[in-house]
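Worksheet: one structure, shown below.
All residue numbers refer to positions in the sequence shown, counting from 1.
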Amino acid sequence: MTVTIARRELLAALGGAAAAWPLAARAQQPAMPVIGLLAPVSQNEELLRGFRQGLKQAGFVEGDNLSILYHSGENEIDRLPALADDLVRRRVAVIVTIAQPAAFAAKAATATIPILFVAAEDPVKLGLVVSLARPGGNLTGTNIFQSEVVAKRLQLLRELVPAATRVAVLVDPANKTTTATVLQEVESAARAMALQIPVFHASNGREISAGFAAFERERPDALFISGGPLFTDRRVQLATLAARHMIPMTSSNRQITEAGGLMSYGANIADAYRQIGVYAGRILKGEKPADLPVVQATKFELVINAETARILGLTVPPALLAQADEVIE
């Protein structure tokens, strides 16, 4: 009887240890890192694909060894500070920002959690970093030069629509920094080209529709779309209205041209977010944003929608076709 009891006690002890081993092993495993993604508008799948591609290059896959927490302002930039504060409270490992307003909100929320941005203009001038080569704080990212290529975009539009003398400019006043810089650049370029540039403001879909309705009175020859997440998010609406009003439209984002806009010229933003994904992975592995230089975009794409040109009765000059990186048929 004594032997039987001892054997039972031994089996019970072994069974309890076996059950405890998986729990102990799980307790010793490091927690899955969480990236907070902060955007003023709903998530852009093309940009997210680029971001996830960069993460994969760095050895991270969402749902496998990484989690992403998505916070969107749903077209309300004023919500970004509270959303950034929530990411800080949740102690995410990295905050990835889409568009400059999100970067500013994250910067105001934390001086310790690493922040990654895609800047439309010089991030030193914006105050996001102290140096391109050595950012020096908890922020780094990429510069896509959207504002710096405004004059080039206007010149390309004039080549495609040589009769244009009155070019409407559509800006988002809620995106204050980008709007101020774009207006400054476009006004200077327009003076040099003897163009009139009536300015229209829109911060949501309803105001975009109202702007196009005003074109009936203003009768512009073409439309210049400012950079910013709102217009990328509303690209189908923009393309539909431009087709309805038969107005040639240019932007900095190829996604708007793919949706039916006439042309675009600018850096490949999806590739910029791929680089952000690479940087996020490097930071998760222990590198500091202060030591990761801001990546400067070097390749700019000219995309022309030839089908839209035909609908508008425009002939794309051979010289412009030769410059194009992609012609959408």
Side-chain angles (χ1 to χ4, degrees), residues 38-41 47 73 77-78 80-81 84 94-155 169-192 197 199 201 203 224-232 251-253 264-269 271-273 275-276 279 283 288-301:
L38 183 63
V41 298
L47 301 188
I77 287 180
D78 290 344
L80 291 174
V94 183
I95 298 176
V96 172
T97 62
I98 291 184
Q100 287 171 189
F104 289 127
K107 187 176 189 293
T110 178
T112 55
I113 296 176
I115 298 168
L116 294 169
F117 59 78
V118 172
E121 54 191 295
D122 183 357
V124 176
K125 178 183 174 183
L126 292 173
L128 292 173
V129 296
V130 297
S131 164
L132 297 178
R134 297 192 62 83
N138 63 317
L139 286 84
T140 190
T142 65
N143 179 10
I144 56 175
F145 297 102
Q146 270 189 358
S147 301
E148 287 88 340
V149 299
V150 163
K152 178 68 172 178
R153 284 176 53 202
L154 205 55
Q155 174 196 329
V169 178
L170 186 63
V171 298
D172 177 7
N175 194 352
K176 296 176 183 177
T177 307
T178 298
T179 293
T181 305
V182 165
L183 286 178
Q184 181 181 357
E185 295 293 330
V186 79
E187 286 168 1
S188 175
R191 281 195 302 271
I197 50 163
V199 177
H201 297 83
S203 294
F224 183 101
I225 302 291
S226 175
L230 169 68
F231 298 131
T232 304
S251 72
S252 62
N253 192 321
S264 60
Y265 179 75
N268 187 313
I269 303 178
D271 188 65
Y273 278 97
Q275 178 61 54
I276 291 298
Y279 265 14
I283 289 171
K288 298 183 184 303
D291 300 326
L292 296 174
V294 174
V295 178
Q296 306 271 63
T298 57
K299 186 178 185 300
F300 296 86
E301 299 178 315

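- Applying the side-chain hydrogen bond (donor to acceptor under 3.5 Å, both in side chains) rule to T112 yields the partners T110; only residues at least two apart in sequence or on another chain are considered.
- The two residues V294 and P123 come nearest to each other via the heavy atoms CG1-CG, 4.0 Å.
- Counting heavy atoms from C-beta on, the side chains of V149 and F300 come closer than 4.5 Å.
- With rounding to the nearest 0.5 angstrom, the OH atom of Y279 is 9.5 Å from the OG1 atom of T142.
- Scanning all heavy atoms of the two residues, the minimum distance from A133 to P293 falls at O-CB, 3.4 Å.
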Determine, stepwise, if the pair F231 / N253 fulfils side-chain contact (heavy atoms from CB on, under 4.5 Å). CA-CA 9 Å; F231 298 131; N253 192 321; over 6 Å; no
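- S264 is linked by a side-chain hydrogen bond (donor to acceptor under 3.5 Å, both in side chains) to T257, counting only residues two or more places apart in sequence or in another chain.
- Separating the OG1 atom in T97 from the CG atom in L38 is a distance of 7.0 Å, to the nearest 0.5 Å.
- Between I144 atom CD1 and Q275 atom CD the span is 13.5 Å, to the nearest 0.5 Å.
- In this structure, the side-chain hydrogen bond (donor to acceptor under 3.5 Å, both in side chains) partners of S252, at least two apart in sequence or on a different chain, are Q146.
- The shortest heavy-atom contact between A84 and A105 is CB-O, 3.7 Å.
- Residue pairs meeting the side chain to side chain donor-acceptor pair (under 3.5 Å) criterion with at least one partner in residues 117-128, sequence neighbours excluded, are E121-T181.
- In this structure, V182 and F224 approach most closely via the heavy-atom pair CG1-CE2, 4.3 Å.
- With hydrogens and angles disregarded, no donor-acceptor distance shorter than 3.5 Å links the side chain of N138 to the backbone of I115.
- A donor-acceptor pair is defined here as one N or O able to donate and one able to accept, closer than 3.5 Å; no such pair exists between the side chain of Y265 and the backbone of L154.
- Minimum interatomic distance between K107 and L139 (heavy atoms only, all atoms of both residues): CG-CD1, 3.9 Å.
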Extract all donor-acceptor atom pairs below 3.5 Å that involve side chains of residues 171-178 and protein atoms in other chains or at least two apart in sequence.
unit_1: D172; atom_1: OD1; unit_2: A174; atom_2: N; d: 3.0
unit_1: D172; atom_1: OD1; unit_2: S203; atom_2: OG; d: 2.9
unit_1: T178; atom_1: OG1; unit_2: Q100; atom_2: NE2; d: 3.3

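- The side-chain hydrogen bond (donor to acceptor under 3.5 Å, both in side chains) test applied to D291 returns R134, not counting sequence neighbours.
- Residues P135 and L292 are not in side-chain contact: their nearest non-hydrogen atoms beyond the backbone lie 4.5 Å or more apart.
- How far OG1 of T179 is from NE2 of H201: 7.0 Å, rounded to the nearest 0.5 Å.
- Remark: T140 OG1 to L116 CG distance equals 7.0 Å, nearest 0.5 Å.
- The line from CZ of F117 to CG of L128 is 5.0 Å long, rounded to the nearest 0.5 Å.
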Check step by step if side-chain contact (heavy atoms from CB on, under 4.5 Å) holds for L126 and F104. CA-CA 9 Å; L126 292 173; F104 289 127; 4.1 Å; yes
